[in-house]
Amino acid sequence: MKLPTQVKLVDVGPRDGLQNEKQPVSAEVKIGLVHRLQDAGLKEIEVTSFVSPKWVPQMADNAEVMHGITRKPGVLYSVLTPNMKGFEAAIAAPREEWPDEIVVFGAASEAFSQKNINCSIAESIERFAPVVEAARAKGIAVRGAMSCTVGCPYEGEIAPAKVGYLAQLMKGIGVQRVDVADTIGVGTPRKVQAAMEATLAHFDVDAISGHFHDTYGQALVNTLAALELGVWNFQSSSAGLGGCPYAKGATGNVATEDVVYMLHGMGIATGIDLDKLIDAGVYISEALGREPNSRASKAIRTKRAG
């Protein structure tokens, strides 16, 4: 079995990781996290979200954060823009502060789509068409986040055909690459592979990334399952930031530190300095007043302490 020799990770901590935090995190701390992640060698960082501050107060400082980042050559900075208003806000700043990529999203579950955005999957993707068109016209790349690709809190198990349907809709509006996300972390390796295979019918393997939540402790084995299919782009979150709002007390995104430790142990290159990455996770965790939610981080810091 031939696995990829290198992997690119997108750290979603600054956006997906922090957006549900109840305590306010200052723009200064968010900027500090982005700087530490890029210094650790991350080449893609999901920075913020241009959404209504009424719905996501944590992201109200989006323009301030984008303005405050000292950009590093070779690093891609992405933001979530759920609608035209969000996209316009993201490009209201001078050109050098624009995101390199915007993220739009859709669910593979009709029930999830109805409950979250009050419309069908097809309608939700249609709403994004003008946003995708506007972004691409301005030379900004577009990624599509596909949520609930293996399980849904309302519908239960999701058939791979539904994932393929969503991927096809995204491709149809001009989305360039997609994330196959196990939003509630219920996936196991074969189910994750089935969701990936359904997506591969519409997107090239280079345009697909895995986004796994560790709610049931399956994120690393699901990462390996995706690697076996040749997938080499993954999303993870510094210090395991980001709870899962649908499973009380459950952990959310898989910790970037744990993924990097596994990949390096398998001889797969990431270009990331694990020690610096651990320090970035400690930085943001201290700002939140808690321990990093990463086993590799804890083990390595214990070893460091002698």
Side-chain angles (χ1 to χ4, degrees), residues 7 9-10 12 15-16 46 78 80 82 103-117 119-125 128 142-173 175-237 242-247 250-254 259:
V7 156
L9 293 176
V10 182
V12 300
R15 199 282 303 174
D16 194 22
E46 197 173 279
S78 61
L80 194 79
V103 184
V104 297
F105 51 89
S109 151
E110 282 294 352
F112 192 89
S113 190
Q114 289 290 354
K115 284 240 198 250
N116 272 282
I117 41 179
C119 64
S120 70
I121 294 171
E123 284 166 342
S124 77
I125 300 307
F128 280 125
V142 181
R143 175 156 60 85
M146 305 199 302
S147 60
C148 297
T149 59
V150 284
C152 164
Y154 313 114
E155 261 179 54
E157 211 164 304
I158 296 294
K162 289 184 175 177
V163 181
Y165 170 66
L166 176 60
Q168 186 176 14
L169 289 173
M170 289 220 170
K171 186 85 170 176
I173 62 163
V175 167
Q176 292 160 293
R177 58 178 188 153
V178 288
D179 317 326
V180 179
D182 179 12
T183 312
I184 56 170
V186 293
T188 45
R190 284 189 174 151
K191 288 175 184 170
V192 161
Q193 286 183 335
M196 288 285 179
E197 280 163 350
T199 309
L200 280 163
H202 305 282
F203 285 89
D204 184 75
V205 72
D206 295 343
I208 295 173
S209 65
H211 180 126
F212 305 121
H213 282 228
D214 208 26
T215 319
Y216 289 81
Q218 302 297 298
L220 288 177
V221 5
N222 288 340
T223 301
L224 179 58
L227 284 166
E228 287 175 352
L229 294 180
V231 173
W232 59 280
N233 288 284
F234 294 93
Q235 295 174 357
S236 54
S237 182
C244 175
Y246 311 103
T251 54
N253 295 302
V254 65
V259 178

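Keep in mind that what you see is a predicted model, and the values were worked out from it rather than measured. Residues take their numbers from the sequence shown, with the count starting at 1.
No donor-acceptor distance shorter than 3.5 angstrom exists from the side chain of E46 to the backbone of R15, with no hydrogens or angles considered. Checking side-chain atoms of S113 against main-chain N and O of C119 turns up a donor-acceptor pair under 3.5 Å.
Applying the side chain to side chain donor-acceptor pair (under 3.5 Å) test between H211 and each of D179, N233, N253, N222 identifies N253 as the sole match. With V178 as the fixed residue, the side chain to side chain contact (heavy atoms under 4.5 Å, CB included) test singles out one of V104, I208, T149, V163: I208.
The salt bridge (charged side-chain N to carboxylate O under 4.0 Å, His left out) pairs that include a residue from residues 192-206 number zero, where partners must be two or more places apart or lie in different chains. Contacts classified as salt bridge (charged side-chain N to carboxylate O under 4.0 Å, His left out) and involving residues 149-161 (residues at least two apart or in different chains) are given here: E155-K162, E157-K191.
Residues F203 and K171 are in side-chain contact: their nearest non-hydrogen atoms beyond the backbone lie under 4.5 Å apart. Side-chain contact check for H213 versus D182: every heavy-atom pair is 4.5 Å or farther apart. Under the 4.5 Å side-chain criterion, counting only non-hydrogen atoms from C-beta, F234 is in contact with L227.
The OG atom of S236 sits 11.0 Å away from atom CG of D16, with the distance rounded to the nearest 0.5 Å. Interatomic distance, CD of Q235 versus OG1 of T223, reported as 11.0 Å (0.5 Å rounding). One finds the CZ atom of F105 at 9.0 Å from the CE atom of M170 (value rounded to the nearest 0.5 Å). Of the inter-residue distances, the one linking D214 atom CG with L220 atom CG reads 6.5 Å to the nearest 0.5 angstrom.
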